[in-house]
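Hydrogens, waters and symmetry mates play no part in the numbers below; they use all other heavy atoms, side chains included. Please read these numbers as outputs of a predicted model, since none were measured by experiment. All residue numbers in this chain count up from 1 along the given sequence. For ligands, and for the atoms within them, numbers begin at 1 and follow the listed sequence.
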Amino acid sequence: ALKTIILIGGPMKGTRFRPLSLDLPKPLFPVAGFPVIYHHIEAASKVPNMKEIILIGFYQAQEDLTKFIINVQHEFKIQVRYLQEYTSLGTAGGIYHFRDQILMGNPEYFFVMNSDVCGDFPLVEMLEFHKHRPAGTFCTILGTEATRQQSLNYGCLAENKDTSEVLHYVEKPETFISTTINCGIYLCSPCIFEPLKRIFKQNLEENYNFDFNTPNKEVIRMEQDIFVPLASTGKLYVFHTTRFWSQIKSAGAVIYANRHYLELYRDTHPDRLAKNGEGKPKVIGDVFIHSSAQVHPTAVLGPNVSIGKNVMIGDGVRVRDSIILEGAMLQDHCCILNSIIGWNSTVGMWSRVEGTPNDPNPNKPFAKLETLSMFDDHGKLNPSITVIGSNVQVPPEVIILNSMVLPHKELSGCCKNQIIM
Ligand code: GTP
């Protein structure tokens with residue numbers, strides 16, 4: 001049997017995702033019509049012999065998460081559970097802490113998936129690859145190519161090209177190591193608990209005599225504490241993918257992920273994509289419209305648009321490269337480009353809400369999404385997608401450009417490159 005562990009983090013994570021993560025844990029944010037981790041669960045449930053999916057995080061049990069779990073269990077007919085860390089234990093600490101639960105039923109292998117990545121995950125192929133590694137292999141890491149410059153923002157690994165063994169692993173290196181980066185998707189054998197246990201004990205012993213101010217000694221980081229020392233011991237391998245993969249750290253990344261998941265639907269779920277037809281809005285390219293949304297037939301949507309539950313879209317509205325969240329209202333003739341419109345927000349007639357994408361440079365092979373910091377060196381907001389938080393009122397006939405609006409605001413006029421708090 002197999003299991004999958006999805007690391008969902010907790011309320012202190014996903015800060016770059018504000019204001020959207022103020023209303024909903026980031027792993028539940030809808031991309032292409034479904035929560036971020038729904039896509040992970042769907043991919044995992046397709047692997048033959050998958051027995052259980054375990055979410056590990058430090059969110060308090062809450063209604064949204066509980067509902068989500070009930071729904072996916074039902075839909076994918078697979079056991080899904082949430083195990084809550086009492087505090088942030090790091091990317092491997094929770095796995096060690098819940099080892100008995102993970103090992104229950106003697107799984108042969110288990111996947112570990114970071115929740116803040118998206119992609120067309122080649123899980124079945126990884127499994128096949130991992131099975132053919134030498135006995136005693138701890139882990140296979142999914143790797144992909146990045147540009148030299150962008151690689152520095154990721155975990156980088158150097159390998160033996162003949163055997164795919166990881167020879168060297170550095171998390172966010174200061175100088176160039178390799179263009180192969182860690183995708184945050186692993187396949188582990190249960191023997192990985194040997195090094196986990198060793199590191200756990202070592203941390204405890206090292207910290208035993210320190211005062212109570214020392215950081216939590218139960219924190220184990222998969223990357224720095226496990227992969228770094230395991231490199232070149234013959235226990236760690238890399239499996240390469242050239243399929244779509246991206247991190248989801250910022251709101252801008254969600255628009256990018258939305259485009260790619262919608263594109264995948266063409267093959268996997270054509271039924272999820274909106275079609276043109278009599279009495280329906282005009283659809284350009286890949287668009288998801290929730291069945292409960294009301295869209296005026298004169299509206300024009302797409303490409304790369306997701307429309308949530310109970311959204312209302314008026315006469316002549318134009319939406320492109322955007323996500324419109326549950327309960328939002330787009331009044332007649334407004335225009336939404338490269339933006340996210342928050343839950344239950346309203347955009348007034350003839351208004352224009354527009355952002356700037358940070359998409360990868362299409363002329364650079366292997367380029368990933370740019371992860372710009374929020375502000376430039378002069379303290380000005382870097383142009384990015386526009387995010388309207390929940391329950392915001394955008395009045396008629398204004399322009400909102402490259403801005404971020406926190407929840408429950410009533411805007412009074414135009415704004416450009418601003419954070420409205
Ligand atoms: P940042 O650039 O700081 O975000 O670091 P990173 O890209 O290395 O990401 P990080 O390792 O912090 O997180 C990877 C994934 O693990 C994310 O999906 C997080 O939500 C999750 N994660 C991080 N820390 C914890 C933790 O303490 N417990 C759990 N359960 N998950 C975590």
Practice task
May I ask you to list the atoms of ligand 1 that are less than 4.0 angstrom from any heavy atom of Ser88?
Solution key: 26 (C), 27 (O)
Exercise for the section: Indicate the ring-plane relationship of Phe34 and Tyr38, choosing parallel, tilted or perpendicular according to the 30° and 60° boundaries. Expected result: parallel
Handout entry: Proximity to ligand 1 by part of Arg221, non-hydrogen separation under 4.0 Å
Key = neither
Exercise for the section: Give me the ring orientation class for His39 and Tyr261: parallel if the planes are under 30° apart, tilted from 30 to 60°, perpendicular past 60°. Expected result: parallel
Problem - Glu125/Arg243 salt bridge by N-O under 4.0 Å criterion - result: yes
Problem - Within 45° cone and under 6.0 Å: Arg272 NZ/CZ vs Phe288 ring - result: no
Practice task
Assess whether salt bridge (charged side-chain N to carboxylate O under 4.0 Å, His left out) is satisfied between Lys380 and Asp376, documenting all intermediate values.
Solution key: CA-CA 5 Å; Lys380 274 177 63 181; Asp376 67 12; 5.7 Å; no
Problem - Per-atom contacts of ligand 1 with Leu89, taking only distances under 4.0 Å to non-hydrogen atoms - result: 27 (O)
Handout entry: Enumerated ligand 1 atoms positioned under 4.0 Å from heavy atoms of Gly57
Key = 30 (N)
Practice task
Could you list the atoms of ligand 1 found under 4.0 angstrom from a heavy atom of Leu7?
Solution key: 16 (O), 18 (O), 20 (O), 21 (C), 31 (N)
Exercise for the section: Determine, step by step, whether Phe193 and Phe110 satisfy the ring pair (Phe, Tyr, Trp, His ring centres under 6.0 Å) criterion, reporting the C-alpha distance in whole Å, the side-chain angles of both residues, the deciding distance to 0.1 Å, and the verdict. Expected result: CA-CA 12 Å; Phe193 285 106; Phe110 59 92; 5.7 Å; yes
Practice task
Check each heavy atom of Ile8 against ligand 1 and say whether those closer than 4.0 Å belong to the side chain, the backbone, both or neither.
Solution key: backbone
Exercise for the section: Go through Asn358 and Tyr256 one step at a time and tell me if the side-chain hydrogen bond (donor to acceptor under 3.5 Å, both in side chains) criterion holds. Expected result: CA-CA 9 Å; Asn358 310 122; Tyr256 180 73; over 6 Å; no
Problem - Where ligand 1 meets Gln247 - atom numbers and elements under 4.0 angstrom, heavy-atom basis - result: 7 (O)
Practice task
Find all atoms of ligand 1 within a distance of less than 4.0 Å from any non-hydrogen atom belonging to Glu171, and give their numbers and elements.
Solution key: 8 (O)
Handout entry: Gap separating the CD atom of Glu263 from the OG1 atom of Thr268, nearest 0.5 angstrom
Key = 11.0 Å
Handout entry: Asp116, any N or O under 3.5 Å of ligand 1 N or O
Key = yes
Problem - Whether Gly184 lies under 4.0 Å from ligand 1, heavy atom - result: no
Fill in the blank from the handout: Closest to atom 8 (O) of ligand 1 by heavy-atom distance, out of Lys172, Glu85, Gln84, is Lys172
